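Along the sequence shown, the residues carry numbers beginning at 1. All ligand and atom numbering here is 1-based and tracks the order in the structure. The shown structure was predicted, so the numbers you read here are calculated from the model rather than taken from an experiment.
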Amino acid sequence: MNRSEMISNLKRDQGKIRDIIVIGGGATGFGVALDSITRGFTTLLLEQADFATGTSSRSTKLVHGGVRYLANGDIMLVMEALHERGLMLKNAPHLTSNQEFIIPLYSWFDVVKYYAGLKFYDLLSGRLSLGKSYFMNSARTIEKLPNLKEEGLKGGIVYHDGQFDDARMIISLAGECINKGATALNYFRVTGLIRNENGKISGVKARDLISDEDYTFYTKVVINATGVFADSVSKMDDPGSEATIRPSQGVHLVLDSSFLQSDSAMMIPKTDDGRVLFAIPWHNEVVVGTTDTPLDDISLEPKALDMEIEFILRTANTYMKRPPARKDVLSIFAGLRPLAANPSNPGATKEVSRRHKITISESGLVSVIGGKWTTYRRMAEETIDRAMEAGFLEKRKCTTSHLNLAGKDHGVNTGRLMIYGDGLAEIENIIKDDPSSGLPIHKDFPFTRAEIIYICRKEMPVNIDDVLARRTRALLLNARASAEIAPEVAQIMAETLGYDQEWQSAQVRTYRELTGKYI
Ligand SMILES: Cc1cc2nc3c(=O)[nH]c(=O)nc-3n(C[C@H](O)[C@H](O)[C@H](O)COP(=O)(O)OP(=O)(O)OC[C@H]3O[C@@H](n4cnc5c(N)ncnc54)[C@H](O)[C@@H]3O)c2cc1C
């Protein structure tokens with residue numbers, strides 16, 4: 001992953017007609033880019049910020065069928081997602097894991113209801129099941145979740161789903177796309193669409209936000225994979241196009257692991273607003289969420305509302321013996337769901353199906369919106385299939401269902417460094433050359449200087465938050481501690497990438513302002 005090398009190649013080939021240009025570097029965009037390059041199509045992906053800055057780094061980190069969607073009767077969606085869950089755990093074993101969940105229950109009616117529901121969930125997962133659901137009595141439930149309130153507890157239902165590191169998954173997908181010959185650039189905003197003499201879209205105008213240079217790229221088909229921003233790209237195509245997205249904000253709080261004291265996750269099946277709430281162990285901490293708040297503003301850095309934070313704490317406190325307070329929160333992150341707008345009931349978001357939608361405009365813009373992280377591969381397959389059916393591309397078979405993303409080094413070492421896939425060997429070499437670089441960079445984080453050096457060399461970070469928010473997850477895990485290591489990380493970036501002192505100071509200042517949104 002080398003940004004300047006890819007830009008030099010682009011400059012050389014500016015007049016070339018590519019098969020596919022993808023706008024958006026989240027799960028949807030990278031799913032499409034990987035599907036496209038592995039079918040042998042020339043592929044260019046452009047992302048206006050860093051890869052995964054949008055919703056795709058702010059999920060609940062579940063690779064799941066969606067127990068909640070089962071309650072809504074959306075069985076086809078659950079079956080499709082359970083199938084993709086199985087494929088994702090097989091294809092990305094370095095970033096995913098089988099996670100045990102416990103639903104604590106305080107009435108026998110609920111025990112019967114959730115037991116039956118989860119048995120059905122198991123059945124739907126078929127051959128790709130991650131483990132059987134079963135009932136546990138209250139003593140065993142407390143043994144597994146020691147911070148759970150005991151009064152009135154009847155027991156717990158255990159079930160399995162997948163868990164993953166969402167932003168690292170994007171970095172892995174980006175590396176895979178680039179290794180296979182695609183070009184994928186961060187900080188490259190698409191500013192307009194180009195049409196040919198027949199009024200069909202034939203390319204994009206884009207700006208490199210780092211150098212402020214403008215480019216024009218030509219292609220057979222443009223895929224709009226911009227999540228909550230999809231309408232703004234559709235308006236570049238047709239300024240009169242109707243709004244199709246209703247953003248809904250979801251917030252998560254990160255707490256110290258002592259609030260769960262368990263390797264099992266907890267799922268609260270019914271909150272005051274009729275949703276579910278998860279408390280999930282993640283990178284030595286606990287992620288608790290989420291909310292579902294309809295919003296009008298669309299931003300790359302959405303901010304949690306006080307009422308959302310209070311709602312999560314209040315719900316957690318109903319179940320936790322030692323309740324978390326605002327001062328215990330290590331980080332707060334918010335993300336926006338790109339839900340399809342429902343003109344007859346614009347306020348309702350939790351009822352809106354999480355299924356994706358693919359549309360093709362009259363001038364040929366292919367848009368893919370909605371969906372789930374878990375189904376990114378399937379969404380991509382359908383999107384490229386639709387582009388082929390529409391005659392933009394010749395027909396070729398999809399090959400991603402068994403494409404391993406872990407790299408050849410997977411299995412050599414099962415430790416934490418596996419998240420770097422084939423980068424593991426290089427990190428070990430950096431530590432061999434300088435053993436002190438193998439020590440954790442901060443007492444609250446497991447990652448080392450060697451990892452930061454590797455990230456700078458091989459994972460294309462441009463700004464300090466690219467390292468601290470998405471390539472390591474420091475900002476999301478502990479926002480204050482991440483601000484403490486910002487100067488050291490800026491220094492490593494400057495040494496590795498050739499920046500001066502002024503750059504370092506400006507980066508640290510901007511980063512510390514950003515952490516304000518996470519505290
Ligand atoms: C709170 C929350 C929790 C969730 N939890 C889960 C979960 O646990 N499991 C699950 O399966 N799913 C989950 N989801 C859903 C999942 O995260 C999303 O469906 C998915 O991340 C959407 O990805 P995307 O690529 O479509 O959008 P995004 O990740 O937002 O990517 C779109 C990208 O397009 C870029 N862009 C926009 N305009 C332009 C332009 N003009 N030029 C270039 N680039 C542009 C943006 O910068 C952005 O990075 C959750 C969603 C939310 C909000």
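- Taking a cut-off of under 4.0 Å to the non-hydrogen atoms of Leu46, the atoms of ligand 1 that pass are 43 (C), 44 (N).
- Of all the atoms in ligand 1, the ones that sit under 4.0 Å from a non-hydrogen atom of Leu336 are 53 (C).
- Summary of contacts: the protein heavy atom closest to atom 44 (N) of ligand 1 is Gln48 N, 3.0 Å.
- Between Arg58 and ligand 1, a contact under 3.5 Å exists for no N or O pair.
- Taken to the nearest 0.5 Å, the NE2 atom of His160 stands 9.5 Å off from the CZ atom of Arg85.
- Salt-bridge formation is detected for the pair Asp50/Arg470: a Lys NZ or Arg NE/NH1/NH2 atom is positioned less than 4.0 Å from an Asp or Glu carboxylate oxygen.
- Near Gly371, the atoms of ligand 1 lying under 4.0 angstrom from a non-hydrogen atom of the residue are 19 (O).
- A donor-acceptor contact closer than 3.5 angstrom is absent between the side chains of His356 and Thr375.
- Between Arg246 and Asp296 there is a salt bridge, since at least one side-chain N of the basic residue sits less than 4.0 Å from a carboxylate O of the acidic one.
- Looking only at heavy atoms of the protein, atom 23 (O) of ligand 1 is closest to Ser56 OG, 3.0 Å.
- When heavy-atom distances to ligand 1 are checked against a 4.0 Å cut-off, Ser232 has no atom that comes that close, whether in backbone or side chain.
- At a heavy-atom distance under 4.0 Å, only side-chain atoms of Ile23, from C-beta outward, approach ligand 1.
- Within ligand 1, the atoms closer than 4.0 Å to a non-hydrogen atom of Gly335 are 53 (C), numbered from 1 in the order shown.
- Considering only non-hydrogen protein atoms, atom 31 (O) of ligand 1 sits nearest to Gly26 CA, 3.7 Å.
- Shortest contact from atom 7 (C) of ligand 1 to any protein heavy atom: Leu62 O, 3.6 Å.
- Between Glu213 and Lys11, at least one side-chain N (NZ, or NE/NH1/NH2) sits under 4.0 Å from a carboxylate O, which counts as a salt bridge.
- Partners of Tyr121 by ring-ring contact (aromatic ring centres under 6.0 Å, His included), not counting sequence neighbours: none found.
- Atoms of ligand 1 lying under 4.0 Å from any heavy atom of Leu300, numbered from 1 in the order shown and given with element: 47 (O).
- A salt bridge links Arg326 with Asp306: at least one charged nitrogen is closer than 4.0 Å to a carboxylate oxygen.
- A salt bridge is absent between Lys303 and Glu308: the closest approach of a Lys/Arg side-chain nitrogen to an acidic carboxylate oxygen does not fall below 4.0 angstrom.
- Residues Val462 and Met493 come closest through the heavy atom pair O-CE, 3.9 Å.
- With a 4.0 Å heavy-atom cut-off, ligand 1 is reached by no atom of Phe51.
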message = Between Asp166 and Ser57, does the side chain to side chain donor-acceptor pair (under 3.5 Å) criterion hold? Intermediate values first, please.
response = CA-CA 5 Å; Asp166 48 10; Ser57 58; 5.8 Å; no
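- Below 3.5 Å of separation, one finds an N or O of Ala27 facing an N or O of ligand 1.
- Thr244 and Asp231 are linked by a side-chain donor-acceptor pair at a separation below 3.5 angstrom, with hydrogens and angles left out of the test.
- Of the listed options Gly54, Gly29, Pro338, Ser59, Ser59 places a heavy atom closest to atom 50 (C) of ligand 1.
- Looking at Val190 against ligand 1, both its backbone and its side chain come within 4.0 Å, counting heavy atoms.
- Counting heavy atoms under 4.0 Å from ligand 1, residue Gln249 does not touch it at all.
- Among protein heavy atoms, the minimum distance from atom 25 (O) of ligand 1 is reached at Thr28 N, 3.0 Å.
- Of the polar atoms of Asp50, none of the N or O atoms is found under 3.5 Å from an N or O of ligand 1, judged by distance alone.
- A side-chain N or O of Asn2 and one of Ser4 form a donor-acceptor pair less than 3.5 Å apart.
- Classification of Arg377 and Glu381 as a salt-bridged pair holds, one side-chain N sitting under 4.0 Å from a carboxylate O.
- Between Phe217 and Tyr215, the angle of the ring planes stays under 30°, which puts this pair in the parallel group of the 30/60° scheme.
- Contact atoms of ligand 1 toward Gly24: 33 (C), 34 (O), 35 (C), 44 (N) (distance under 4.0 Å to a heavy atom of the residue).
- If you number the atoms of ligand 1 from 1 as listed, the ones under 4.0 Å from a heavy atom of Arg337 come out as 1 (C), 51 (C), 52 (C), 53 (C).
- Under the ring-ring contact (aromatic ring centres under 6.0 Å, His included) criterion, Tyr114 pairs with no residue at all, not counting sequence neighbours.
- Among all non-hydrogen protein atoms, the one lying nearest atom 47 (O) of ligand 1 is Glu47 OE2, 2.6 Å.
- Nearest to atom 16 (C) of ligand 1 among the protein's heavy atoms is Trp373 N, 3.6 Å.
- Nearest protein neighbour of atom 27 (O) of ligand 1, counting heavy atoms only, is Gly227 CA, 3.7 Å.
- For ligand 1 and Gly250, the ligand atoms under 4.0 Å from any heavy atom of the residue are 1 (C).
- Considering backbone and side-chain N/O atoms, His252 never comes within less than 3.5 Å of an N/O atom of ligand 1.
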